[in-house]
2 protein chains.
Amino acid sequence: MATGRTHRPASRSRGIPEATVARLPLYLRALTGLSERSVPTVSSEELAAAAGVNSAKLRKDFSYLGSYGTRGVGYDVEYLVYQISRELGLTQDWPVVIVGIGNLGAALANYGGFASRGFRVAALIDADPAMAGKPVAGIPVQHADELEKIVSDNGVSIGVIATPAGAAQPVCDRLVAAGVTSILNFAPTVLTVPDGVDVRKVDLSIELQILAFHEQRKAGEEAANQAAHPTAARRDDSAEQGPDGDVPAVMPA
Amino acid sequence: MATGRTHRPASRSRGIPEATVARLPLYLRALTGLSERSVPTVSSEELAAAAGVNSAKLRKDFSYLGSYGTRGVGYDVEYLVYQISRELGLTQDWPVVIVGIGNLGAALANYGGFASRGFRVAALIDADPAMAGKPVAGIPVQHADELEKIVSDNGVSIGVIATPAGAAQPVCDRLVAAGVTSILNFAPTVLTVPDGVDVRKVDLSIELQILAFHEQRKAGEEAANQAAHPTAARRDDSAEQGPDGDVPAVMPA
DNA sequence: ATGTCTTTGTGAACGCGTGCACAAAGATGG
DNA sequence: CCATCTTTGTGCACGCGTTCACAAAGACAT
Ligand SMILES: NC(=O)c1ccc[n+]([C@@H]2O[C@H](COP(=O)([O-])OP(=O)(O)OC[C@H]3O[C@@H](n4cnc5c(N)ncnc54)[C@H](O)[C@@H]3O)[C@@H](O)[C@H]2O)c1
Ligand SMILES: NC(=O)c1ccc[n+]([C@@H]2O[C@H](COP(=O)([O-])OP(=O)(O)OC[C@H]3O[C@@H](n4cnc5c(N)ncnc54)[C@H](O)[C@@H]3O)[C@@H](O)[C@H]2O)c1
């Protein structure tokens, strides 16, 4: 679900499995909450519950970082916060550019959770000349012509793309050419990038479709179990499709 | 990475593996593009390239749906669009409510990609009395007091949460109690839900942290390979941490 | 009809991720 | 100093997901 293309084995980076890396932010968030409430230590059991994962999994995850726990006691909250932050690279701060300041881009710019974790919005970039100079979230929008210069001057290595789908690949190419090596893509397109560049995508539409699949399945099972309960039959419900759907579709030529 | 809690074996639903389900929307998007350009058939190789996946994986994915291809030719685009749409439950439309109409919620409400795939915004809900009645994306915002009635009256089974983190769990509980069985959560919290309810989350902050991890790793490798190239040394760069980081941190008590 | 050529569908091998279950480590109390 | 109790760290087994590689299926030409 990362790196756009044939990528490396997708596997562990310096011994830390990708799946573990993806959970570290989750642990960090839970730990930050405990830290704010001045809780000194947590057991793997408690922390796992707070993060919504299995405690054995959490312990194994932490074991990749080192032996930071104390048997019979648990983990020191502050220490662990620091270790995970360091491992994730959050002890330095990362300048980020957002490209495409429309509905979504503006919402992202206004998002407080950005700065809270070492990420700093270095610039907002949009192709619309009418937007240039207008401040969004206190930051003046700059024109897309300036993209290369902005990335270069600020040493930006992380770019966020919130343009329409059609513009995403060209924008991506320019970002990469300018030196960006990590991209978070909100546009519904597959981005192609050179080796060494990481791409992660966030796609609302895909998430909804996955939910719809399970929703349909639940409805199907329900209908199958209780073989008759037309509870105010929702929607048209055309073709209740049997165990394995034969379908009234046009077949290929 | 779905279902909030201990969940069922996370495995296949009706024979279709979860990983496959997550890719079907990707294929569907690629196919829709081909369909609009009136391309009649595609090979697994071509389609896989368009979707950014391995062709063997794509063929195996499709094999779970049935034998819809023709050897020597490929897949019929229109037919496949229909089959995948049906499998994902997109032939019916799903009423969706969005709760929390702030920066993000408003952006979501304005998002066109919603309606394009069988999802219909049935209502916008916010707790702020000042917002009640004000139209966003042409839909009047309704007060949170009406939540249960809205869900019930519209037969809503999918809810989107875009409230602040603190409000997410209570809102979630109310949605579930009112009959919602699928939730897409944008708030940075772990939601706890009863069995039978699916939760998927979208967390910008987590995505960025994962990118930062890899970014740091790249920087580290680079610094390790070419043992000296202070190319206008980006940022303060404190503690270049050796192969295995010893750290100047306060140790636990 | 027969042969050739393309492309699917899948058996099999492999690797990653998950979770169980337990030995070892260390805290705590006597 | 020893016994007990708690909690970590991990060996191990298992299952899901990915990928290779190839036999079979069918199109198409002759
Ligand atoms: N709004 C959402 O909730 C939402 C959700 C999921 C995905 N998306 C996706 O995010 C993207 C943005 O959505 P949106 O609703 O903000 O759209 P939008 O039309 O409101 O904003 C797009 C912005 O990008 C700018 N732009 C266009 N081409 C550009 C270029 N080449 N360089 C720089 N800027 C450029 C436009 O001027 C505009 O300001 C779309 O791809 C959309 O599909 C949006
Ligand atoms: N803005 C972003 O780009 C972004 C990105 C990632 C995550 N998030 C998360 O999404 C959520 C919303 O972000 P935002 O920027 O839109 O915040 P916001 O403050 O602009 O909007 C929150 C909205 O929720 C409403 N609300 C509060 N309590 C409610 C309740 N109990 N019931 C119904 N509505 C309620 C508020 O009235 C407000 O309108 C936050 O949890 C944030 O962390 C936002």
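Chain identifiers are assigned alphabetically (A, B, ...) following the order of the sequence lines, protein sequences preceding nucleic acid strands; residue numbering begins at 1 within each chain.
If you measure from atom CD of A:Glu18 to atom P of D:dG17, you get 17 Å, rounded to the nearest angstrom. Distance CG (A:Leu58) to P (C:dG17): 16 Å, rounded to an integer number of Å. Distance CD1 (A:Ile16) to C1' (C:dC16): 16 Å, rounded to an integer number of Å. In this structure, B:Lys60 atom NZ and D:dG17 atom P are separated by 12 Å, rounded to whole Å. What separates CG of B:Asp61 from P of C:dT10 is a distance of 13 Å, to the nearest Å. Atom pair B:Leu65:CG and C:dG9:C1' shows a separation of 13 Å (rounding to whole Å applied).
The listed nucleotides are D:dG17, C:dC20, D:dC20; the one nearest the side chain of A:Ala56 is C:dC20. Of the listed nucleotides (D:dT10, C:dG19, D:dT19), C:dG19 has the atom at the smallest distance from the side chain of A:Lys57. With distances taken from any side-chain atom of B:Tyr75 to the nucleotides C:dT18, C:dA12, C:dG9, the minimum falls on C:dG9. Of the candidate nucleotides C:dG9, C:dC22, D:dG17, C:dC22 has the atom lying nearest to any side-chain atom of A:Arg59.
Interface residues of residues 40-47 of chain A facing DNA chain D, ordered by number: A:Ser43, A:Ser44; criterion, heavy-atom separation under 4.0 Å.
Contact between A:Phe119 and A:Val96 at its shortest, heavy atoms only, is CD2-CG2, 4.1 Å. Between A:Val190 and B:Gly52, the closest heavy-atom pair is CG1-CA, 4.0 Å.
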Footprint string (nucleotides 25-30 of chain C, 5' to 3'): B base within contact, S backbone only, - free, heavy atoms under 4.0 Å: B-S---
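In this structure, the side chain of A:Glu45 does not engage the main chain of A:Ser55 through any donor-acceptor pair within 3.5 Å.
For the side chain to side chain contact (heavy atoms under 4.5 Å, CB included) with A:Val176, the lone residue among A:Val199, A:Ile183, A:Leu191 that qualifies is A:Ile183.
Phosphate proximity of C:dG17 to A:Asn54: absent, as no side-chain N or O sits under 4.0 Å from OP1 or OP2.
Here the NZ-CZ distance, from B:Lys60 to B:Arg23, works out to 11.0 Å after rounding to the nearest 0.5 Å.
The shortest side-chain heavy-atom distance between A:Thr20 and A:Leu65 does not fall under the 4.5 Å cut-off.
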Only pairs under 3.5 Å count here: list side-chain donor-acceptor contacts from residues 158-167 of chain B, not counting sequence neighbours, and write none if there are none.
none

